[in-house]
Structure formats: C-alpha cells, structure tokens
Colleague: 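Following this message is one structure expressed as structure tokens.
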Amino acid sequence: MTAAVFILDPLVIPDFSGGEVVLDGPEGRHAVSVKRLRPGEDITLTDGRGRYLDGVVKTVEGKDRLVVLGSTVFEEPQEQPRITVVQALPKGDRGELAVETMTETGVDTIVPWAASRCITQWKGERGLKALAKWRATAREAGKQSRRLRFPQVADAATSKQVAALLAKADFAAVLHEDRDYGSEPLATAELPTEGEIVLVVGPEGGVSPEELALFEEAGAKAYRLGRSVLRTSTAGTAAAALLMGRTGRWS
C-alpha cells in the first residue's frame, strides 16, 4: 500500500527546523482523526501541482496536528501527452461522478461545457457553487488516487471557447456516434506522443449539428468508442482510459 497523500500548500521545508514539517488544519485533522496515522508511518505531502515530499510521521499532537520528518522536496514531471476532457454538464451529481473517475484515471484538465443540449445550466451563484463542487471533487479524488498533480478544473466554457481549445490541440476529438454522421473508432486513431490531446464529451442529448460543424472547423474529428452507448458521465473516463493505454501513460 502506498503512503497516504495529504495537501500542504505551499510545500516548504524550513531550513531551521531540521527537516520537520507541520501538517495541521483540515488536512491534519483528516490525517489524525480519520486516517489515524501514528508515529513511524509513511506519509506523502504534496501541493497538488507536482511538488511532493515523502516523509515519516514523527509525532501526533491532539486531534488535528502532526509533525512530519522529511528533508527533500521533489517534483514529478508532467506526463505526456497531456489529456484535456471537455465535459458537457450532466444532470444532478453525475458531474461530480465524472470528475471523480476522470481524476482517478489520470486526466490532466477538465473543462465544464455548457452545450446547447445540456439540461443543466450553470448560471450565477448556482454555477459558482457547482464549479466549486467539481474542484473539491478533483482535489479529494486526487488525494484518494495518490496523485501528485491534481487535474485543473477550468471555468465553464462556451462552445466557441471549446472550439478555440480544439484549434490549439495536437489531437482533437469529439465523441459522437450517429448513423447519419461518419465517425472513426478512437481505438485506431493516430495519437501524438507528446503535446495536447483534447477530447469533447457531449450531453445526454448528443452534440448538436451546429456544434459539430464548429468543432470540425476547428480541426476536431468525430470518434466513437464502441458498439454500446455510454452516458455522458462515464464516456470521458472510458475514453481517457483508452488514451492512457494507447499513448503509453499506463505502461
């Protein structure tokens, strides 16, 4: 079992403390009261942006504070190619499910997308709360899956903003299967070994013809996963897993 991961941001090792780092607050409370870490156990501290410290618990103080011994901060290199998933807004809590599983899979960036056929729309205070939930979910799933680089959850994007992302990508794909619209299998697509892959996952009602035309103009092609039809909350994870295996990131 790998060491439990906790967030310490900024991740700094004070020169005067002999390599001792204090973890307190909500993260310290989780480590002490929930995970019940004890002196001598291994622990990993990260800022969620690739910098990390592998240490050992020295002492536990109260219910929310522990001291960690560790002297060197390392940085995990960014994996290549980077994978961005543009996720249409699902109904209910299925958005958090999509974020959780894509984080566990290894997606680098998640972009919420207000597609024209989305029933859910993020507006005003409701939209800000929904975005905060997605970001909190990515943070917690990043810790749970022992990631050192948590995915960035961007601000909600319009279709034009998504098209701009696709235009800059080294490989741009839209998951779409329609008898009247030709699509290729993602399993046989030619993929780059580095750079940026951007994958668009549409809503339950599918990507509209206008959006498909806009994305095609930006350089994106339509691809399909298989014979079965996946829900929007699971399609991104399935496609990301396929891409992870095919690009060597899971090798």
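What's counted below: heavy atoms across the whole structure, side chains too, no hydrogens, waters or symmetry copies.
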Colleague: Taking the side chain as everything from C-beta on, heavy atoms only, tell me whether Leu199 gets closer than 4.5 Å to Leu175.
Modeller: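 Yes, side chains in contact.
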Colleague: For Ala138 and Val153, which heavy atoms make the closest approach, and how far apart are they?
Modeller: CB-CG2, 3.8 Å
Colleague: Does Glu211 form a side-chain hydrogen bond (donor to acceptor under 3.5 Å, both in side chains) with Ser208? I'd like the steps, not just the answer.
Modeller: CA-CA 5 Å; Glu211 290 164 339; Ser208 72; 3.1 Å; yes
Colleague: Please report the closest heavy-atom contact between Ala88 and Pro90, naming both atoms and the distance.
Modeller: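 For Ala88 and Pro90, the tightest heavy-atom pair comes out as O-CD, 3.0 Å.
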Colleague: When you measure from the side chain of Thr232 to the backbone N and O of Glu204, does any donor-acceptor pair fall under 3.5 Å?
Modeller: no
Colleague: Side chains of Val200 and Val162, heavy atoms from C-beta outward: is any pair under 4.5 Å?
Modeller: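 Yes, side chains in contact.
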Colleague: Report the C-alpha separation of Val56 and Glu41 in whole Å, then their side-chain angles, then the decisive distance to 0.1 Å, and conclude whether the side chain to side chain contact (heavy atoms under 4.5 Å, CB included) test is met.
Modeller: CA-CA 6 Å; Val56 176; Glu41 292 191 71; over 6 Å; no
Colleague: Strictly distance-based, threshold 3.5 Å: is any side-chain N or O of Arg117 a donor or acceptor partner for the main-chain N or O of Pro203?
Modeller: no
Colleague: Going from CD on Gln78 to CD on Glu75, what distance comes out if it is rounded to the nearest 0.5 angstrom?
Modeller: 10.0 Å
Colleague: If I take atom OG1 from residue Thr234 and atom CG from residue Leu97, how far apart are they, to the nearest 0.5 angstrom?
Modeller: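 Reported to 0.5 Å precision, the distance equals 8.0 Å.
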Colleague: Only one of Gln87, Lys91, Arg94 clears side-chain hydrogen bond (donor to acceptor under 3.5 Å, both in side chains) with Ser233; which?
Modeller: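 Single pass found, and it is Arg94.
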Colleague: Measuring from atom CD1 of Ile43 to atom CG of Leu69, what distance do you get when rounded to the nearest 0.5 angstrom?
Modeller: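 It is 11.0 Å, given to the nearest 0.5 Å.
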Colleague: Side chains of Thr103 and Thr137: closer than 4.5 Å at any heavy-atom pair?
Modeller: no
Colleague: Would you say Val57 ends up clustered with Leu23 if hydrophobic residues are merged whenever their side chains have heavy atoms under 4.5 Å apart, either directly or through other cluster members?
Modeller: yes
Colleague: Less than 4.5 Å apart, any side-chain heavy atom of Val207 and any of Val174?
Modeller: yes
Colleague: Side-chain donor-acceptor pair under 3.5 Å between Thr109 and Arg82, yes or no?
Modeller: yes
Colleague: With salt bridge (charged side-chain N to carboxylate O under 4.0 Å, His left out) as the test, would you mind laying out the steps for Glu216 and Lys221 before giving the verdict?
Modeller: CA-CA 6 Å; Glu216 183 176 3; Lys221 291 184 178 181; over 6 Å; no
Colleague: Do Asp9 and Arg139 sit within salt-bridge range, that is, some charged N less than 4.0 Å from a carboxylate O?
Modeller: no
Colleague: Salt-bridged, Glu27 to Lys143, with N to O below 4.0 Å?
Modeller: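 So Glu27 pairs with Lys143 through a salt bridge.
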Colleague: Charged N to carboxylate O under 4.0 angstrom, Lys58 versus Glu20?
Modeller: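 Yes, Lys58 and Glu20 are salt-bridged.
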Colleague: Is the ring centre of Trp122 less than 6.0 Å from the ring centre of Trp113?
Modeller: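 Ring-ring flag for Trp122/Trp113: false, centres at least 6.0 Å apart.
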Colleague: Looking at Ala3 and Thr44, what are the two nearest heavy atoms and their distance?
Modeller: CB-OG1, 3.8 Å
Colleague: Any link between Val201 and Ile83 through a network of hydrophobic side chains (Ile, Leu, Val, Met, Phe, Trp, Tyr) touching at under 4.5 Å?
Modeller: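 Same cluster: Val201 reaches Ile83 through Ile, Leu, Val, Met, Phe, Trp or Tyr contacts under 4.5 Å.
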Colleague: Under a 3.5 Å cutoff, is there a donor and acceptor pairing between the side chains of Gln80 and Thr193?
Modeller: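 No, no side-chain donor-acceptor contact under 3.5 Å.
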Colleague: Using only atom types and a distance under 3.5 Å, with no angle test, would you say the side chain of Arg51 pairs donor to acceptor with the backbone of Leu11?
Modeller: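 Checked: pair present.
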Colleague: Taking a hydrophobic cluster as the set of Ile, Leu, Val, Met, Phe, Trp and Tyr residues connected by side-chain heavy atoms closer than 4.5 Å, whether directly or through intermediates, do Leu53 and Val60 fall within one such cluster?
Modeller: yes
Colleague: Inspect the surroundings of CD1 in Ile119 and state if more than 12 heavy atoms from other residues, nucleotides or ligands are less than 6.0 Å away.
Modeller: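 At most 12 heavy atoms, drawn from other residues, nucleotides or ligands, come within 6.0 Å of this atom.
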Colleague: Applying salt bridge (charged side-chain N to carboxylate O under 4.0 Å, His left out), name anything that partners Glu76, two or more places apart in sequence or on another chain.
Modeller: none
Colleague: Should we count CZ of Arg38 as having more than 12 external heavy atoms under 6.0 Å?
Modeller: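 Atom CZ in Arg38 is crowded, with more than 12 foreign heavy atoms closer than 6.0 Å.
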Colleague: Answer yes or no: is there a donor N or O on one side and an acceptor on the other, between the side chain of Thr105 and the main chain of Val107, under 3.5 Å?
Modeller: no
Colleague: Please check if the side chain of Glu217 supplies one atom and the backbone of Leu214 the other of a donor-acceptor pair under 3.5 Å.
Modeller: no
Colleague: Count I, L, V, M, F, W, Y as connected when their side-chain heavy atoms are under 4.5 Å apart, and connections chain through other members. Are Leu165 and Ile110 then in the same cluster?
Modeller: no
Colleague: Is any side-chain heavy atom of Val198 less than 4.5 Å from a side-chain heavy atom of Glu196?
Modeller: yes
Colleague: Kindly compute the distance separating OG1 (Thr59) from CZ (Arg65), expressed to the nearest 0.5 Å.
Modeller: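 If I round to the nearest 0.5 Å, the distance is 7.5 Å.
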Colleague: Can you tell me how far CD of Glu61 sits from CG of Leu66, rounded to the nearest 0.5 angstrom?
Modeller: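 If we round to the nearest 0.5 Å, Leu66:CG and Glu61:CD are 8.5 Å apart.
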Colleague: I'd like to know if the side chain of Arg146 reaches the main chain of Gln144, judged simply by a donor and an acceptor atom lying under 3.5 Å from each other, with no hydrogens or angles considered.
Modeller: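 Looks like yes, one N/O pair under 3.5 Å.
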Colleague: Using a strict 4.0 Å threshold on nitrogen-to-oxygen distance, state whether Arg224 and Glu184 make a salt bridge.
Modeller: no
Colleague: Any chance the rings of Tyr52 and Phe6 have centres within less than 6.0 Å?
Modeller: no
Colleague: With side chain to side chain contact (heavy atoms under 4.5 Å, CB included) as the criterion, how do Leu243 and Leu191 come out once you've worked through the C-alpha distance, each side chain's angles and the decisive distance to 0.1 Å?
Modeller: CA-CA 8 Å; Leu243 294 173; Leu191 301 175; 3.7 Å; yes
Colleague: Hey, does Asp47 have a side-chain heavy atom less than 4.5 Å from the side chain of Pro10?
Modeller: no
Colleague: Assess whether a salt bridge exists between Asp108 and Arg249, defined as any Lys/Arg side-chain N lying under 4.0 Å from an Asp/Glu carboxylate O.
Modeller: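 Between Arg249 and Asp108 there is a salt bridge, with a charged N closer than 4.0 Å to a carboxylate O.
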Colleague: Check Pro112 against Leu89 and note the closest heavy-atom contact, atom names and distance.
Modeller: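 What the structure gives for the nearest pair is CB-CD2, 3.8 Å.
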Colleague: Can you find a pair of side-chain heavy atoms, one from Tyr223 and one from Ser183, that are under 4.5 Å apart?
Modeller: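 They are not in side-chain contact.
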Colleague: Give a yes or no on this: more than 12 heavy atoms of other residues, nucleotides or ligands lie within 6.0 Å of atom CD of Gln121.
Modeller: yes
Colleague: Donor-acceptor pair, distance only, cut-off 3.5 Å: does the side chain of Thr46 make one with the backbone of Leu148?
Modeller: yes
Colleague: Applying ring pair (Phe, Tyr, Trp, His ring centres under 6.0 Å), name anything that partners Phe150, two or more places apart in sequence or on another chain.
Modeller: none
Colleague: Count I, L, V, M, F, W, Y as connected when their side-chain heavy atoms are under 4.5 Å apart, and connections chain through other members. Are Met244 and Leu225 then in the same cluster?
Modeller: yes
Colleague: Any side-chain heavy-atom pair from Val111 and Thr84 closer than 4.5 angstrom?
Modeller: yes
Colleague: Check Trp250 against Ala241 and note the closest heavy-atom contact, atom names and distance.
Modeller: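 Looks like CH2-CB, 3.7 Å.
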Colleague: Quick one: do Glu190 and Arg246 make a salt bridge, cutoff under 4.0 Å?
Modeller: no
Colleague: Which atom pair, heavy atoms only, marks the closest approach of Leu166 to Ala220?
Modeller: CD1-CB, 4.0 Å
Colleague: With side chain to side chain contact (heavy atoms under 4.5 Å, CB included) as the criterion, how do Val32 and Asp64 come out once you've worked through the C-alpha distance, each side chain's angles and the decisive distance to 0.1 Å?
Modeller: CA-CA 6 Å; Val32 175; Asp64 61 357; 5.9 Å; no
Colleague: Look up atom CG in Leu37 and atom NE2 in His30, then write down how far apart they are to the nearest 0.5 Å.
Modeller: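 That separation rounds to 9.0 Å.
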